[in-house]
**Student:** 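Dumping the structure here so I can ask a few things about it.
Labels below follow one simple rule: chain letters A, B, ... track the order of the sequence lines, proteins then strands, and each chain is numbered from 1.
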Protein chains: 2
Amino acid sequence: MTDHFDMPGHLARRFQQIAVAIFHAEVEAAGFDLTPVQYVALAVLRQHPGIDQATLAGLIAYDRTTIGGVIDRLFQKGLIIRAVSPRDRRAHVLHLTEAGLTTLEGIQPAVEAAQREMVAGLEPAEVTEFIRLFRKAITAANDRSRAPMKPAP
Amino acid sequence: MTDHFDMPGHLARRFQQIAVAIFHAEVEAAGFDLTPVQYVALAVLRQHPGIDQATLAGLIAYDRTTIGGVIDRLFQKGLIIRAVSPRDRRAHVLHLTEAGLTTLEGIQPAVEAAQREMVAGLEPAEVTEFIRLFRKAITAANDRSRAPMKPAP
DNA sequence: TACTGATTATCAGTATGCTGTCAATTAGCA
DNA sequence: TGCTAATTGACAGCATACTGATAATCAGTA
């Protein structure tokens with residue numbers, strides 16, 4: 001374990017770095033301007049329309065502070081709408097706009113291509129196993145970060 | 001692949017997030033104040049004393065802009081020394097200080113504990129396979145990020 | 001009902017990482 | 001040798017992520 005290239009921590013950083021770069025390249029080539037984080041937020045928002053920031057953050061394990069900036073930028077781009085919840089005046093409920101839905105659908109092929117490229121060096125069976133191990137490790141350590149994954153209420 | 005929780009990109013972000021949180025928790029509990037990125041830079045600098053910023057960045061696949069800030073903070077903490085190279089006046093050669101070496105040695109148990117905790121949900125054989133798949137995917141996609149890994153000259 | 005505690009979102013501050021750009025310097029070639 | 005290209009490190013700017021703190025609001029209880 002002396003070599004940093006055998007350490008899960010370093011490998012995690014490096015793989016994430018590559019994953020983001022590939023995502024940006026594919027998305028830009030497809031004519032869109034959306035970060036990986038913004039994409040996931042948008043995708044989850046389509047599946048769960050009307051949730052507030054805290055719920056969205058819990059579904060994708062974003063920090064509550066981080067999600068604020070992401071929401072701001074998605075709003076600036078006209079992809080989502082934010083409104084004070086009628087049931088809880090602290091909360092801001094979120095909805096995709098038409099442009100948000102169009103963007104999400106248009107960007108999908110690029111996103112899927114990016115996912116394939118990230119693991120292009122692996123055999124198909126290895127990809128399946130890689131994802132399984134990722135999920136297993138993440139599930140077991142879910143509570144170790146400030147922003148754990150939380151199912152929708 | 002519709003579920004973001006099956007996408008390598010999202011899994012990479014989430015695992016990296018957990019890995020950093022565990023690293024910070026272990027290192028802080030051991031009485032040190034060092035980030036994962038700062039640790040790797042320090043560790044590689046011990047193995048390759050006297051290299052310049054660009055070479056260090058290449059060895060650990062950091063962006064050339066990022067490495068500047070990391071170096072600054074390690075210098076502020078008194079862990080490294082920076083000097084203009086006699087052979088190339090553009091380059092800054094780097095060396096660990098005594099405090100840097102002491103910190104590196106003292107922090108080692110916490111770092112190794114953190115690495116184990118990141119994959120605590122996996123069986124030992126799964127950990128080995130996880131690391132193998134990480135390395136294989138990363139090696140194949142090395143040139144896809146702005147900061148590829150480069151061996152020492 | 002009044003109070004305590006939890007929750008929601010925000011803020012300032014710090015640390016990665018990236019983009020593109022720049023000046024200084026070096027290296028390679030005509 | 002002289003010129004061009006590449007390299008080194010820096011800068012501003014943007015986008016994640018975290019820390020700890022705060023105000024506003026809600027929920028459960030005395």
Side-chain angles (χ1 to χ4, degrees), chain A residues 9-10 12-14 16-25 28 33-41 51-58 60-74 76-77 82-94 144-148 150 153, chain B residues 9-10 12-14 16-25 28 33-41 51-58 60-74 76-77 82-94 144-148 150 153:
Chain A
H10 180 74
R13 189 201 65 85
R14 181 69 181 121
Q16 153 77 356
Q17 183 182 37
I18 288 170
V20 171
I22 289 177
F23 187 98
H24 276 132
E28 188 180 338
D33 173 30
L34 211 63
T35 68
V37 164
Q38 290 166 8
Y39 164 76
V40 176
I51 58 176
D52 61 12
Q53 293 187 194
T55 304
L56 174 58
I60 49 188
Y62 287 9
D63 189 83
R64 66 179 186 276
T65 297
T66 302
I67 201 77
V70 175
I71 293 296
D72 276 345
R73 287 180 281 275
L74 288 173
Q76 292 297 321
K77 292 178 182 177
R82 175 161 52 171
V84 173
S85 169
R87 289 186 301 181
D88 185 341
R89 277 183 296 169
R90 295 169 302 179
H92 293 175
V93 295
L94 308 169
R144 296 301 303 267
S145 80
R146 167 162 139 163
K150 282 185 288 189
Chain B
H10 181 73
R13 190 202 64 86
R14 180 70 181 120
Q16 154 77 357
Q17 183 182 37
I18 289 170
V20 171
I22 289 176
F23 187 98
H24 275 132
E28 188 179 341
D33 173 30
L34 211 61
T35 68
V37 164
Q38 289 166 8
Y39 163 75
V40 176
I51 58 176
D52 62 12
Q53 292 187 195
T55 304
L56 174 58
I60 50 189
Y62 288 10
D63 190 82
R64 65 179 187 277
T65 297
T66 303
I67 200 77
V70 175
I71 293 296
D72 275 345
R73 288 180 280 275
L74 288 173
Q76 292 296 322
K77 292 178 181 175
R82 177 162 52 172
V84 172
S85 169
R87 288 187 301 180
D88 185 340
R89 276 183 297 170
R90 294 170 303 180
H92 294 175
V93 293
L94 308 168
R144 297 300 304 267
S145 78
R146 169 163 138 159
K150 282 184 288 189

**Student:** Among residues at least two apart in sequence or on other chains, which ones pass side chain to side chain donor-acceptor pair (under 3.5 Å) with A/Arg89?
**Tutor:** none
**Student:** Excluding sequence neighbours, so at least two apart, what forms salt bridge (charged side-chain N to carboxylate O under 4.0 Å, His left out) with A/Arg64?
**Tutor:** none
**Student:** Which comes earlier along DNA chain C counting from the 5' end, the contact point of A/His92 or that of B/Arg87, where each point is its nearest nucleotide?
**Tutor:** A/His92
**Student:** Do the side chains of B/Ile71 and B/Leu56 get nearer than 4.5 Å, heavy atoms only?
**Tutor:** yes
**Student:** Paired with D/dA30 by Watson-Crick or G-U wobble geometry, both distances under 3.5 Å: which nucleotide is it?
**Tutor:** C/dT1
**Student:** How would you list, by chain and number, every residue that makes a side-chain contact (heavy atoms from CB on, under 4.5 Å) with B/Thr65, sequence neighbours excluded?
**Tutor:** B/Asp63, B/Arg146
**Student:** Run the side-chain contact (heavy atoms from CB on, under 4.5 Å) test against B/Val40 and tell me which residues pass, sequence neighbours left out.
**Tutor:** A/His4, A/His10, B/Val44, B/Ile60, B/Tyr62
**Student:** Please identify each residue that fulfils side-chain contact (heavy atoms from CB on, under 4.5 Å) with B/Ala61, with sequence neighbours left out.
**Tutor:** A/Arg13, A/Arg14, A/Gln17, B/Met149
**Student:** If a protein heavy atom is under 4.0 Å from the base, mark B; if only from the sugar-phosphate, S; if neither, -; do that for nucleotides 15-22 of chain C going 5' to 3'.
**Tutor:** SBBBBBB-
**Student:** Please list, chain by chain and in numerical order, all residues satisfying side chain to side chain donor-acceptor pair (under 3.5 Å) with A/Thr55, sequence neighbours excluded.
**Tutor:** A/Asp52
**Student:** So where does chain B start and stop touching DNA chain D, 5' to 3', when the test is distance under 4.0 Å to a non-hydrogen atom?
**Tutor:** D/dA6 to D/dC18
**Student:** How would you list, by chain and number, every residue that makes a side chain to side chain donor-acceptor pair (under 3.5 Å) with B/Arg73, sequence neighbours excluded?
**Tutor:** none
**Student:** Any chance you could measure A/Arg144, atom CZ, to B/Ile22, atom CD1, to the nearest 0.5 Å?
**Tutor:** 4.5 Å
**Student:** Taking side-chain contact (heavy atoms from CB on, under 4.5 Å) as the test, write out the residues that go with B/Lys77, two or more places apart.
**Tutor:** B/Asp33, B/Leu34, B/Gln38, B/Leu79
**Student:** Is there any protein nitrogen or oxygen under 3.5 Å from a nitrogen or oxygen in nucleotides 23-25 of chain C, and what are the pairs?
**Tutor:**
from   : atom 1 : to      : atom 2 : distance (Å)
C/dT25 : O2     : B/Arg90 : NH1    : 3.1

